Amino acid sequence: MDNILKNLVIDVEKTVGNRLLLLGIRPYASYKEGVKGEQEGLTFNCLSESMNYEKVDIKIAGILQPPFEFDGTPVPVEFEELNGKVWQDWSNKGAVKLSVTAKGIKPIENKRVKIGGDKA
């Protein structure tokens with residue numbers, strides 16, 4: 001019997017949400033036969049309001065530096081073309097986990113409303 005997780009279709013954008021809070025960035029590398037290879041891209045660790053404030057890692061392949069300045073202070077971001085799949089982690093009692101990728105990321109600009117007629 002095939003693993004049902006391989007055939008499961010997920011709407012990742014609805015599950016994870018597209019507006020997330022970026023908490024951290026780290027590189028990720030490829031692995032071939034258990035051997036760590038070259039850096040393939042970056043992993044963005046985010047907090048998802050849609051997932052009851054769970055943390056989720058989102059990988060973007062092909063970038064070696066963040067496309068904007070990030071000093072470690074949490075910042076709201078949105079991702080382009082989110083995709084994902086579920087998989088079973090047999091090294092962790094068969095826990096079902098979510099693997100998410102995206103094509104791009106950008107910070108969400110905070111729009112401030114001025115009250116009282118101040119003109120900048």
Side-chain angles (χ1 to χ4, degrees):
M1 177 183 221
D2 278 340
N3 186 341
I4 193 167
L5 296 180
K6 290 181 183 178
N7 302 318
L8 193 61
V9 178
I10 300 173
D11 186 332
V12 177
E13 196 163 319
K14 283 185 181 177
T15 301
V16 174
N18 193 25
R19 293 173 164 232
L20 300 126
L21 189 62
L22 177 62
L23 303 175
I25 302 171
R26 67 182 185 279
Y28 77 89
S30 61
Y31 283 84
K32 186 174 182 179
E33 298 177 11
V35 178
K36 187 175 181 179
E38 297 291 320
Q39 180 180 347
E40 284 192 356
L42 294 174
T43 299
F44 297 85
N45 182 255
C46 298
L47 195 65
S48 169
E49 182 179 352
S50 298
M51 293 175 54
N52 293 324
Y53 298 97
E54 290 285 330
K55 290 181 183 177
V56 62
D57 286 337
I58 301 173
K59 292 181 178 180
I60 301 179
I63 62 171
L64 303 179
Q65 295 293 324
F68 55 89
E69 189 173 322
F70 179 69
D71 64 5
T73 302
V75 60
V77 293
E78 62 184 1
F79 288 89
E80 300 168 18
E81 296 183 43
L82 284 172
N83 290 298
K85 63 182 179 179
V86 291
W87 59 283
Q88 208 158 7
D89 184 0
W90 294 108
S91 66
N92 189 16
K93 299 180 183 178
V96 176
K97 297 192 176 185
L98 181 63
S99 176
V100 183
T101 61
K103 294 290 183 187
I105 182 175
K106 62 182 177 180
I108 298 172
E109 297 295 325
N110 290 336
K111 295 182 181 176
R112 298 178 186 236
V113 177
K114 292 189 177 187
I115 299 175
D118 287 344
K119 296 190 180 192

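Since the structure is predicted, the reported quantities are computational estimates derived from the model, not experimental observations. Scope of the values below: all heavy atoms of this structure, side chains included, with no hydrogens, waters or symmetry mates. Residues take their numbers from the sequence shown, with the count starting at 1.
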Nearest heavy-atom neighbours spanning Val77 and Pro107 =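 Shortest heavy-atom separation between Val77 and Pro107 comes out as CG1-CA, 4.0 Å.
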
Closest approach of Phe44 to Ile60 (non-hydrogen atoms, all atoms of both residues) =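 It is CE1-CD1, 3.6 Å.
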
Once you round to the nearest 0.5 Å, how far does [atom1] of [X] lie from [atom2] of [Y]?
X: Ile58; Y: Asn83; atom1: CD1; atom2: CG; answer: 11.0 Å
X: Ser30; Y: Glu40; atom1: OG; atom2: CD; answer: 4.0 Å
X: Ile25; Y: Phe70; atom1: CD1; atom2: CZ; answer: 5.0 Å
X: Phe79; Y: Ile105; atom1: CZ; atom2: CD1; answer: 3.5 Å
X: Leu82; Y: Thr15; atom1: CG; atom2: OG1; answer: 10.0 Å
X: Leu42; Y: Ile63; atom1: CG; atom2: CD1; answer: 4.5 Å

Residues that Glu78 engages under salt bridge (Lys or Arg N to Asp or Glu O under 4.0 Å), provided they are two or more places apart |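 So Glu78 forms a salt bridge (Lys or Arg N to Asp or Glu O under 4.0 Å) with Lys106.
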
Excluding sequence neighbours, so at least two apart, what forms salt bridge (Lys or Arg N to Asp or Glu O under 4.0 Å) with Lys85?
->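 Listed in chain order: nothing, the list is empty.
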
Find out whether Leu20 and Val56 are in side-chain contact, i.e. whether some heavy atom of one side chain is under 4.5 Å from a heavy atom of the other.
->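 Yes, side chains in contact.
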
Using a 4.5 Å cut-off on heavy atoms from C-beta on, say whether the side chain of Leu22 contacts that of Phe68.
->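 Result yes, sub-4.5 Å side-chain heavy-atom pair found.
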
Short question: side chain of Gln39, backbone of Ala29 - any donor-acceptor pair under 3.5 Å?
->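 No.
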
Just by modelled atom types, is the Tyr28 backbone N or O under 3.5 Å from a matching donor or acceptor in the Thr43 side chain?
->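 Checked: no pair found.
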
Pairs flagged by salt bridge (charged side-chain N to carboxylate O under 4.0 Å, His left out) wherever residues 9-38 is involved - sequence neighbours left out |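 Checked against salt bridge (charged side-chain N to carboxylate O under 4.0 Å, His left out) - neighbours excluded - the pairs reaching residues 9-38 are Arg26-Asp57.
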
Summary of salt bridge (charged side-chain N to carboxylate O under 4.0 Å, His left out) pairs that have at least one residue in residues 86-97, sequence neighbours excluded =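 Every pair satisfying salt bridge (charged side-chain N to carboxylate O under 4.0 Å, His left out) with a residue in residues 86-97: Asp89-Lys97.
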
Check the hydrophobic clustering (I, L, V, M, F, W, Y; side-chain heavy atoms under 4.5 Å; chains of links allowed) and say if Val96 and Trp87 are grouped together.
->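 No.
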
Supply the members, apart from Leu21, of the Ile/Leu/Val/Met/Phe/Trp/Tyr cluster built from side-chain contacts under 4.5 Å; use none for a lone residue.
->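 When side chains under 4.5 Å apart are linked, the cluster holding Leu21 also contains Leu23, Leu47, Tyr53.
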
Non-neighbouring partners of Asn52 that pass side chain to side chain contact (heavy atoms under 4.5 Å, CB included), sequence neighbours left out =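 Side chain to side chain contact (heavy atoms under 4.5 Å, CB included) list for Asn52, sorted by chain: empty.
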
Look at atom CD of Glu80 and say whether more than 12 heavy atoms of other residues, nucleotides or ligands are closer to it than 6.0 Å.
->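 Enclosed.
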
By side chain to side chain donor-acceptor pair (under 3.5 Å) - contacts of Lys59 (at least two apart) =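 If we apply the side chain to side chain donor-acceptor pair (under 3.5 Å) test to Lys59, skipping adjacent residues, there are no hits.
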
